[in-house]
Amino acid sequence: MKILVQKFGGTSVSTADRREMVVQKILKAKGEGFSTIVVVSAMGRKGQPYATDTLLSLISDEYKRENTLGVDLLMSCGEIISTVVMSEELCKNGLKAVPLTGGQAGIITDDNYNNASVLRVDSEKLLNIVKQGKIPVVAGFQGISENGFITTLGRGGSDVTASLLGAALKSEEIHIYTDVDGIMTADPRIVSDASLIKKISYNEVFQFADQGAKVIHPRAVEIAMKSNVKLVIKNTLNDCEGTIITSGAIRNTENIITGITSMDKRVQVTVELDKNKCNENYNTILDELAKNLISIDLINVFPKQKIFTIDGKDINIFKDIMDKLELNYYCVEECSKIAVIGSRMRGLPGVMAKILRTLTKANVEVLQTADSHTTIWCLVESKNSEKAINALHNEFKLGC
Ligand code: ADP
Ligand code: ASP
Ligand code: MG
């Protein structure tokens with residue numbers, strides 16, 4: 001039996017016309033001899049009635065903070081609605097489909113609501129459905145805890161469901177269908193001439209995903225990589241071949257930069273510390289941040305000054321901590337962390353200089369930088385983010 005996991009994102013299942021296109025993709029896979037397992041997201045994006053963000057807007061932030069179990073129950077409804085609607089669509093087209101929640105599909109998680117970790121996948125039930133020639137249509141983004149409570153896997157988590165099932169059922173490939181042709185050199189909503197990356201390695205695509213390109217969830221990449229299942233990102237709306245992700249794949253271009261992505265809503269924090277108690281106070285801050293599950297990055301340490309960034313969602317807790325400690329600090333809110341990614345820049349001199357020259361020419365102030373062997377990060381004010389990404393994309397000739 002040749003199994004194929006096909007995951008369809010929110011925009012792919014948002015209208016009757018699009019769901020018809022989804023049916024065609026499933027019929028095609030069946031015609032090619034695959035037993036397919038379908039994973040679906042909640043329909044549409046914010047504002048559309050069953051989208052996750054729309055469901056979340058039904059309850060207050062205060063309730064969300066204190067009732068994470070309830071939040072998961074609410075969020076899970078979007079995907080559950082999609083499985084039933086999509087199953088009906090398949091039945092109308094003569095296929096036998098079985099709608100399933102994540103829990104019914106055997107995805108067992110811990111009880112870390114809103115961002116649960118998967119403990120195991122009990123795939124027997126799913127396999128039986130497939131063996132009967134039926135198509136399981138699984139609600140993405142959700143599982144069930146060992147105590148029987150519905151959990152969710154973190155935003156964008158339907159991709160994770162697809163990889164989990166692909167790995168557990170040893171599928172030939174995992175196809176992630178979305179509303180763009182595949183992984184592009186930059187978000188096509190920001191850069192109009194962004195070009196399609198036809199082949200890319202797990203490592204590079206992980207960098208993209210981890211640094212803000214929401215086209216694929218980083219955990220989905222990790223899971224597929226670990227079980228060595230080929231991942232393909234495709235467009236539901238056309239027959240483009242998409243992006244193939246495998247361990248050995250390298251782009252067929254000599255460009256040292258693969259692409260550019262960005263993460264918004266970052267806050268740059270500068271803490272001014274008294275020289276005598278500098279290290280002691282800094283350690284206290286780090287302990288308090290860890291206790292409150294606030295992670296920091298782009299960390300620069302100077303004798304009397306410590307600079308780092310935090311996620312904008314943590315700003316109020318951070319301010320409370322600092323005020324309680326009575327330490328001097330200031331914040332630059334609404335920042336974006338731009339990541340220039342390319343495994344070929346390893347050890348190559350001059351790339352950072354070229355990036356900084358390009359941003360200066362574009363009149364973009366760089367607030368901070370950092371680098372690893374495959375990525376260079378620049379922190380800029382969010383109002384300059386699109387300008388900066390376009391300037392860099394242009395300078396590195398990434399366009400089509
Ligand atoms: P889905 O609902 O199908 O899961 P998402 O909205 O999660 O879709 O992801 C697809 C979106 O990712 C695209 O519409 C695109 O705007 C965005 N995106 C960000 N960076 C990239 C990139 N480098 N390549 C392709 N798409 C990207
Ligand atoms: N519907 C969920 C979200 O919006 C999961 C997903 O789309 O992958 O985050
Ligand atoms: Mg997504």
Side-chain angles (χ1 to χ4, degrees), residues 6-14 18 21-22 25 39-48 50-57 71-72 74-83 102 114-116 138-143 151-164 175-198 200 204-221 233-237 240 242-243 245 251 257-264 336 338-341 385-386 389 393 398-400:
Q6 295 177 292
K7 178 257 167 177
F8 297 92
T11 47
S12 303
V13 293
S14 60
R18 290 186 176 197
M21 292 178 181
V22 168
K25 301 290 180 199
V39 175
V40 285
S41 287
M43 292 179 198
R45 292 205 169 113
K46 194 171 186 170
Q48 293 181 268
Y50 313 114
T52 309
D53 285 310
T54 311
L55 298 174
L56 277 173
S57 70
V71 175
D72 272 2
L74 177 65
M75 284 199 288
S76 69
C77 298
E79 270 70 14
I80 293 175
I81 292 169
S82 291
T83 63
N114 303 182
N115 197 17
V138 181
F141 171 56
Q142 55 179 262
T151 54
T152 63
L153 310 179
R155 297 304 306 271
S158 298
D159 298 335
V160 178
T161 305
S163 281
L164 283 168
H175 291 181
I176 306 283
Y177 282 94
T178 184
D179 61 349
V180 288
D181 286 350
I183 313 269
M184 322 274 290
T185 47
D187 186 341
R189 283 177 217 236
I190 296 177
V191 178
S192 57
D193 70 337
S195 54
L196 177 69
I197 301 171
K198 291 188 175 157
I200 188 169
E204 266 191 323
V205 87
F206 178 83
Q207 288 298 321
F208 263 81
D210 196 45
Q211 296 304 317
K214 64 193 258 263
V215 60
I216 176 95
H217 194 293
R219 259 159 74 199
V221 180
I233 318 283
K234 286 167 168 274
N235 195 336
T236 306
L237 312 177
C240 175
T243 301
I245 306 164
R251 285 192 69 195
I257 302 303
T258 308
I260 302 165
T261 184
S262 68
M263 212 182 259
D264 296 333
S336 297
I338 294 175
V340 179
I341 297 165
S385 171
E386 292 201 2
I389 294 170
H393 196 270
L398 295 172
C400 41

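Both counts, for ligands and for their atoms, begin at 1 and track the order of listing.
Ligand-side atoms of ligand 2 in range of S41: 6 (C), 7 (O), 8 (O), range being under 4.0 angstrom from any heavy atom. Interface atoms of ligand 1 facing K7, defined by a heavy-atom separation under 4.0 Å, are 4 (O). Counting the atoms of ligand 2 from 1 in the order shown, those under 4.0 Å from a heavy atom of R155 are 3 (C), 4 (O), 9 (O). If you number the atoms of ligand 1 from 1 as listed, the ones under 4.0 Å from a heavy atom of V180 come out as 13 (C), 14 (O), 25 (C), 26 (N). Each of the atoms 10 (C), 13 (C), 14 (O) of ligand 1 lies under 4.0 Å from some heavy atom of D179. Taking every non-hydrogen atom of G182 and a distance limit under 4.0 Å, the qualifying atoms of ligand 1 come out as 24 (N), 25 (C). Atoms of ligand 2 found under 4.0 Å from any heavy atom of F141 (numbered from 1 in listed order, with element): 2 (C), 5 (C).
At least one donor-acceptor pair closer than 3.5 Å links the side chain of S163 to the backbone N or O of A220. Not one N or O on the side chain of Q211 forms a donor-acceptor pair closer than 3.5 Å with the backbone of A339.
At a 4.0 Å heavy-atom cut-off, ligand 1 touches R189 through the side chain alone. The proximity of H217 to ligand 2, defined as any non-hydrogen pair under 4.0 Å, does not occur for either the backbone or the side chain. The proximity of D187 to ligand 1, defined as any non-hydrogen pair under 4.0 Å, involves the side chain as well as the backbone. When heavy-atom distances to ligand 2 are checked against a 4.0 Å cut-off, S158 comes that close through both its backbone and its side chain.
The distance criterion of under 3.5 Å between nitrogen or oxygen atoms is not met by K7 with respect to ligand 2. The N/O atoms of R45, backbone and side chain alike, include one that comes under 3.5 Å of an N/O atom in ligand 1. Of the N or O atoms in G156, one or more lie within a sub-3.5 Å distance of an N or O in ligand 2.
Annotation: the span from T152 atom OG1 to D72 atom CG amounts to 3.5 Å, rounded to 0.5 Å. Atom CG of D210 is separated from atom NE2 of H217 by 9.5 Å, given to the nearest 0.5 angstrom. Distance check: R219 CZ to N115 CG gives 6.0 Å after rounding to the nearest 0.5 Å. The structure places CD of Q6 at 9.5 Å from NZ of K25, a figure rounded to the nearest 0.5 Å. The distance from atom OG1 of T178 to atom CD1 of I216, rounded to the nearest 0.5 Å, is 9.5 Å.
If you check the side chains of E204 and T258, you find a donor sitting under 3.5 Å from an acceptor.
By the 4.0 Å heavy-atom criterion, M43 is excluded from the residues contacting ligand 1. Not a single heavy atom of A194 sits closer than 4.0 Å to an atom of ligand 1. For the pair G157 and ligand 2, a heavy-atom separation below 4.0 Å is found. For the ligand labelled ligand 2, residue E79 lies inside the 4.0 Å heavy-atom shell. Heavy atoms of A186 approach ligand 1 to within less than 4.0 angstrom.
Proximity of D53 to R45: side-chain heavy atoms (C-beta onward) are nowhere separated by under 4.5 Å. T185 places a side-chain heavy atom less than 4.5 Å from the side chain of I197.
Shortest contact from atom 2 (O) of ligand 1 to any protein heavy atom: G10 N, 3.0 Å. For atom 7 (O) of ligand 1, the closest heavy atom belonging to the protein is K214 O, 3.4 Å. With respect to atom 27 (C) of ligand 1, the closest heavy atom belonging to the protein is V215 CB, 3.7 Å. Remark: minimum distance from atom 24 (N) of ligand 1 to any protein heavy atom is reached at M184 N, 2.9 Å.
In terms of heavy-atom proximity, F141 sits nearest to E79 at CD2-OE1, 3.5 Å.
The local environment of CZ in F206 is crowded, with over 12 non-hydrogen atoms from other residues, nucleotides or ligands closer than 6.0 Å.
A salt bridge does not link K214 to D159: none of the charged side-chain nitrogens sits closer than 4.0 Å to a carboxylate oxygen.
Taking only non-hydrogen atoms, the option from I233, V13, T178 nearest to atom 3 (O) of ligand 1 is T178.
Of the listed residues (R18, K234, R189), just one forms a salt bridge (Lys or Arg N to Asp or Glu O under 4.0 Å) with D179, and that residue is R189.
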